[in-house]
Protein chains: 2
Amino acid sequence: MKGSNDKRIDGTLRDLKIRPTKVRKDVLGLFSRVEFALSHADIERHIKQKFDRVTIYRTLEMFEKSGLIHKVIDDTGVTKYASHGYGGCDVHFRHHKTNHLHFKCTECGNIYCMCSVEVPKIDFPIDFELKILKLSAEGICKKCLSKGNKTT
Amino acid sequence: MKGSNDKRIDGTLRDLKIRPTKVRKDVLGLFSRVEFALSHADIERHIKQKFDRVTIYRTLEMFEKSGLIHKVIDDTGVTKYASHGYGGCDVHFRHHKTNHLHFKCTECGNIYCMCSVEVPKIDFPIDFELKILKLSAEGICKKCLSKGNKTT
DNA sequence: TTGATCCTGCAACACAGTTGCAAAACTATT
DNA sequence: AATAGTTTTGCAACTGTGTTGCAGGATCAA
């Protein structure tokens with residue numbers, strides 16, 4: 001049901017003391033409908049209404065500060081934003097593992113957050129102090145596999 | 001000895017059928033003196049002579065195609081270029097593991113290639129086809145550790 | 001020396017991202 | 001409902017990164 005999702009978006013924002021304005025509902029609504037990370041340009045293209053570029057940037061900044069989304073830098077340097085749930089991480093907004101793997105599909109180019117993958121321990125040179133190990137991966141996503149039936 | 005290094009730079013370029021022009025020798029010379037990845041702006045700042053921005057971009061493009069350097073995208077989205085040896089990978093130009101870990105020092109911001117670290121096998125959801133697993137890390141580099149004597 | 005090829009610098013452009021400011025929208029209070 | 005105060009938005013302008021086309025210069029091979 002469309003109405004109930006709108007309500008949920010509204011509630012999510014209110015809970016975080018974010019005024020549920022049009023842009024914010026539109027952008028968060030888009031994130032809720034999509035399982036992968038979105039660039040600023042993607043968002044501009046896919047939301048219903050036209051908003052100023054700056055307004056969208058500020059919306060994303062605000063969502064990031066509130067922990068609704070996080071930045072993902074593509075292997076080509078493109079900045080994308082991934083929502084913390086509804087799809088990517090199979091959990092609700094604001095629940096996700098902080099350090100998780102980002103998977104980029106080489107067919108569709110989409111980036112998925114994969115919180116289920118464990119970050120392994122690795123051997124590391126002793127003269128460097130390792131703090132965080134970050135994983136990213138390339139391959140073919142679920143959707144493209146079922147569509148194209150690629151087996152390589 | 002400075003002269004002998006200049007000769008080596010010259011030879012490296014000639015071997016690859018790259019005309020050893022001023023920019024090219026300057027830029028490759030810089031890479032040979034440095035152990036970490038450099039951004040376009042870094043290079044512009046640190047080479048002796050002033051060259052046009054575009055010329056430097058084209059030089060980097062050429063070096064990349066010839067396999068002398070490779071692009072590294074910083075976690076903040078900044079594009080850097082790492083030479084395939086002389087420092088970063090402990091091997092000579094053009095010899096390096098294609099898929100290696102990039103280490104970013106949180107103190108100095110420099111990025112190091114660490115070819116000695118093995119890429120582990122991981123458990124991955126069966127409905128996604130994993131092709132390449134990429135590792136990147138954050139921590140404190142050798143130099144900053146010895147300088148600051150940080151122990152966390 | 002001549003032509004062909006390669007390299008460089010310049011102008012111009014596209015795109016991402018940021019900042020300051022003023023108008024508009026909203027909130028709370030009376 | 002009118003007011004004052006705070007937030008939010010849109011606009012203009014600007015910075016930084018990266019790209020393209022073109023013309024002049026340097027280099028190479030004959």
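Within every chain, numbering begins at 1; the chains are lettered A, B, ... in the order of the sequence lines, protein sequences first and strands thereafter.
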Starting at [atom1] of [X] and ending at [atom2] of [N], how long is that distance when rounded to a whole Å?
X     : N      : atom1 : atom2 : answer
B:L60 : D:dT17 : CG    : C1'   : 13 Å
A:K22 : D:dG10 : NZ    : P     : 10 Å
B:R45 : D:dG16 : CZ    : C1'   : 12 Å
A:K50 : D:dG10 : NZ    : P     : 9 Å
B:H40 : D:dT15 : NE2   : C1'   : 15 Å

Aromatic ring centroids of A:Y57 and A:H40 under 6.0 Å?
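So the answer is yes for these two rings.
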Could you check, using the six-membered ring where one of them is a Trp, whether A:F31 and A:F63 have ring centers closer than 6.0 angstrom?
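Distance test on ring centres: not under 6.0 Å, no.
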Is [X] reaching over with its side chain to a backbone N or O of [Y], donor-acceptor style, under 3.5 angstrom?
X      : Y      : result
B:T106 : B:G139 : yes
B:D10  : B:K25  : no
A:T55  : A:F51  : no

If you pin B:F51 and A:Y81 to their nearest nucleotides in DNA chain C, which one's is more 5'?
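First, find each residue's nearest nucleotide; the 5'-ward one identifies B:F51.
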With nearest nucleotide decided by heavy atoms, which residue, B:R53 or B:I18, maps closer to the 5′ end of DNA chain C?
B:I18
Go along nucleotides 22-30 of chain D 5' to 3' and tag each nucleotide: B for a protein heavy atom under 4.0 Å from its base, S when only backbone or sugar atoms are that close, - otherwise.
-----SS--
Span of DNA chain C in contact with chain A (heavy atoms, under 4.0 Å)
C:dA16 to C:dT27
Are side-chain N/O atoms of B:T12 and B:D15 paired as donor and acceptor at under 3.5 Å?
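No, no side-chain donor-acceptor contact under 3.5 Å.
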Any A:R24 side-chain N or O less than 4.0 Å from OP1/OP2 of D:dT8:
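So the side-chain polar atoms of A:R24 do come within 4.0 Å of the phosphate oxygens OP1 or OP2 of D:dT8, strictly under.
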